[in-house]
Amino acid sequence: MSLQTLEATHPPVLPAAAPSPAIELENVTRRFLTPDGKSMTALHDFTMTVDRGEFACVVGPTGCGKSTTLNLVTGLAKPSAGEVRVMGGAVTGIHKDVGFVFQADALFPWRSVLDNVAAGPIYRGMPKAQAYEKARDWIARVGLARFEKHYPHQLSGGMRKRVALAQTFINEPKILLMDEPFSALDVQTRTLMQDELLSLWSGSGASVVFVTHDLEEAVALADKVYVLTAGPATVKSVYHIDLPRPRVMEEIRYDAAFVEKCRVIWNDLREEVQIGQQRTLKTGH
């Protein structure tokens with residue numbers, strides 16, 4: 001049999017195309033009107049990529065547009081210029097595969113822990129019995145099995161955050177957006193919640209964008225840290241965090257490589273923080 005016949009019978013196997021990134025913001029600008037009718041630019045020529053299964057943290061000065069970035073990914077805000085894509089497709093509305101954890105509690109105060117966690121699957125069409133069974137499983141995963149019938153006002157801040165995590169992960173999001181979720185917690189509780197998040201995320205395959213003012217938190221959690229400029233925000237620099245996983249939050253902070261990465265990134269971030277402070281002193285806001 002000739003070589004040409006073999007090639008015709010067995011065509012070459014081409015390598016599979018790499019999956020598109022989970023999140024892409026390409027040359028995005030976001031403008032909006034202030035209450036006094038003036039145009040304000042929150043983001044300018046902003047480019048960010050988060051691969052599938054990657055944990056990315058975003059740090060920058062106060063008011064630089066970090067939360068605006070999350071709103072663009074959710075579809076709650078639209079870019080004035082540029083493109084925003086989720087799972088390879090343009091963002092045209094709120095994406096079903098995106099979960100969101102806010103700084104403030106997003107629990108229904110009149111519902112028990114069990115009812116809060118089951119609400120998402122029921123809303124998405126899951127049979128009630130199946131939703132409650134799944135909710136019990138997730139409540140147990142975050143260590144609150146004994147508190148299923150409690151209401152949010154009967155829980156501590158850390159316990160409410162555990163409910164919020166169960167409430168989010170039960171929907172099996174492919175993308176998880178987190179806007180300073182642990183900033184209101186005390187240091188000890190925050191450390192426990194960071195460990196809890198890493199444990200839940202490691203088995204989920206989700207891509208995460210985590211906004212924080214805490215640089216140490218960013219370095220300890222992330223695969224990649226984005227440093228934003230003082231507003232209007234653009235990406236100043238990107239740092240890849242190659243610290244081994246799994247990470248234990250109480251231990252990693254004493255690691256020499258961790259300390260050095262924090263020092264290098266802070267030297268970069270500090271310039272933008274100082275610029276932001278100077279603008280605030282000049283303008284009063």
Side-chain angles (χ1 to χ4, degrees), residues 22 50 52-57 95-212 217 220-223 244-252:
V50 180
R52 302 195 183 206
E54 187 172 46
F55 200 124
C57 282
H95 200 288
K96 65 180 179 63
D97 290 328
V98 175
F100 208 120
V101 180
F102 299 91
Q103 180 177 356
D105 294 328
L107 305 179
F108 299 115
W110 61 90
R111 289 184 172 180
S112 68
V113 168
L114 182 59
D115 290 335
N116 264 289
V117 177
I122 291 173
Y123 176 79
R124 291 166 181 247
M126 183 178 291
K128 190 172 181 179
Q130 184 181 348
Y132 275 93
E133 181 181 356
K134 192 173 183 180
R136 288 189 177 92
D137 175 58
W138 274 100
I139 292 168
R141 291 194 199 190
V142 298
L144 295 177
R146 295 189 298 110
F147 299 90
E148 287 183 359
K149 296 181 180 180
H150 284 60
Y151 289 85
H153 74 273
Q154 297 173 311
L155 305 176
S156 67
M159 294 167 75
R160 289 195 297 271
K161 285 300 176 186
R162 290 178 184 274
V163 177
L165 289 178
Q167 195 180 43
T168 302
F169 277 99
I170 192 174
N171 294 315
E172 300 177 3
K174 294 180 181 177
I175 292 173
L176 182 58
L177 307 178
M178 309 190 76
D179 193 357
E180 299 190 69
F182 307 142
S183 60
L185 302 175
D186 62 78
V187 174
Q188 293 86 352
T189 305
R190 185 185 308 176
T191 300
L192 292 174
M193 292 310 306
Q194 290 163 347
D195 280 328
E196 188 73 40
L197 171 60
L198 287 179
S199 176
L200 295 173
W201 165 74
S202 65
S204 72
S207 306
V208 180
V209 180
F210 189 107
V211 166
T212 179
E217 180 176 59
L221 292 173
D223 298 312
R245 295 190 185 275
R247 300 176 190 168
V248 179
M249 302 303 289
E250 325 67 282
E251 297 175 2
I252 195 171

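Between the CG atom in Asn171 and the NZ atom in Lys96 there is a gap of 11.0 Å [rounded to 0.5 Å]. Between Phe182 atom CZ and Glu217 atom CD the span is 7.0 Å, to the nearest 0.5 Å. One finds the CG atom of Leu221 at 8.0 Å from the CZ atom of Arg247 (value rounded to the nearest 0.5 Å). Rounding to the nearest 0.5 Å places CE of Met126 at 7.0 Å from CD1 of Ile170. To the nearest 0.5 angstrom, Leu176 atom CG is 7.0 Å from Leu197 atom CG.
Side-chain N or O atoms of Arg245 include none that pairs as donor or acceptor with a backbone N or O of Leu198 at under 3.5 Å. Ser112 places no side-chain N or O within 3.5 Å of a backbone atom of His150 that could act as its donor or acceptor partner. In this structure a side-chain-to-backbone donor-acceptor pair under 3.5 Å is missing from Lys174 to Ala22. Without hydrogens or angle criteria, Gln130 side chain to Pro127 main chain gives no donor-acceptor distance under 3.5 Å.
Among pairs with a residue in residues 176-204, those fulfilling salt bridge (Lys or Arg N to Asp or Glu O under 4.0 Å) read Arg162-Glu196, Arg190-Asp214, at least two apart in sequence or across chains.
Scanning both residues, Gly99 and Thr168, for their nearest heavy atoms gives CA-CG2, 4.1 Å. In this structure, Val98 and Pro173 approach most closely via the heavy-atom pair C-CB, 4.3 Å. Taking both residues in full, the closest heavy atoms of Val50 and Ser207 are given as CG1-CB, 4.2 Å, listed atom of the first, atom of the second, then distance. The minimum heavy-atom distance linking Trp201 with Gly53 is given by the pair CZ2-O, 3.2 Å. Here the closest non-hydrogen pair linking Ala135 and Leu114 is CB-CD1, 3.8 Å.
Remark: Ala166 engages Val117, Trp138, Val142 in a side-chain contact (heavy atoms from CB on, under 4.5 Å) (not counting sequence neighbours). Residues satisfying the side-chain contact (heavy atoms from CB on, under 4.5 Å) test with Pro152, not counting sequence neighbours, are Leu107, Asn116, Arg160. Listed by chain and number, the residues in a side-chain hydrogen bond (donor to acceptor under 3.5 Å, both in side chains) with Arg52 are Ser20 (sequence neighbours excluded). With sequence neighbours excluded, the residues that form a ring pair (Phe, Tyr, Trp, His ring centres under 6.0 Å) with Phe102 are Phe100. Not counting sequence neighbours, Ser156 has no partner by the side-chain hydrogen bond (donor to acceptor under 3.5 Å, both in side chains) test. Applying the side-chain hydrogen bond (donor to acceptor under 3.5 Å, both in side chains) criterion to Thr191, with sequence neighbours excluded, gives no partner residue. With sequence neighbours left out, the side-chain hydrogen bond (donor to acceptor under 3.5 Å, both in side chains) criterion links Glu54 to Lys224. Glu133 is linked by a salt bridge (Lys or Arg N to Asp or Glu O under 4.0 Å) to nothing, counting only residues two or more places apart in sequence or in another chain. Scanning for salt bridge (Lys or Arg N to Asp or Glu O under 4.0 Å) contacts around Asp115 gives an empty result, with sequence neighbours left out. The salt bridge (Lys or Arg N to Asp or Glu O under 4.0 Å) search around Arg146 returns none, not counting sequence neighbours. Partners of Glu148 according to the salt bridge (Lys or Arg N to Asp or Glu O under 4.0 Å) rule, which considers only residues two or more places apart in sequence or in another chain, are Arg136.
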Verdict with reasoning, Lys134 to Glu172, per salt bridge (Lys or Arg N to Asp or Glu O under 4.0 Å):
CA-CA 11 Å; Lys134 192 173 183 180; Glu172 300 177 3; 3.2 Å; yes
Would Arg141 and Asp137 satisfy side-chain contact (heavy atoms from CB on, under 4.5 Å), going step by step from the backbone distance to the final call?
CA-CA 6 Å; Arg141 291 194 199 190; Asp137 175 58; 3.0 Å; yes
Evaluate Met178 against Leu165 for side-chain contact (heavy atoms from CB on, under 4.5 Å), listing each step before the verdict.
CA-CA 10 Å; Met178 309 190 76; Leu165 289 178; 3.9 Å; yes
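Annotation: side chain of Ile139 is in contact with side chain of Leu144 (closest heavy-atom distance under 4.5 Å). Residues Lys161 and Thr189 form no side-chain contact, since every pair of their non-hydrogen atoms from C-beta on lies 4.5 Å or further apart.
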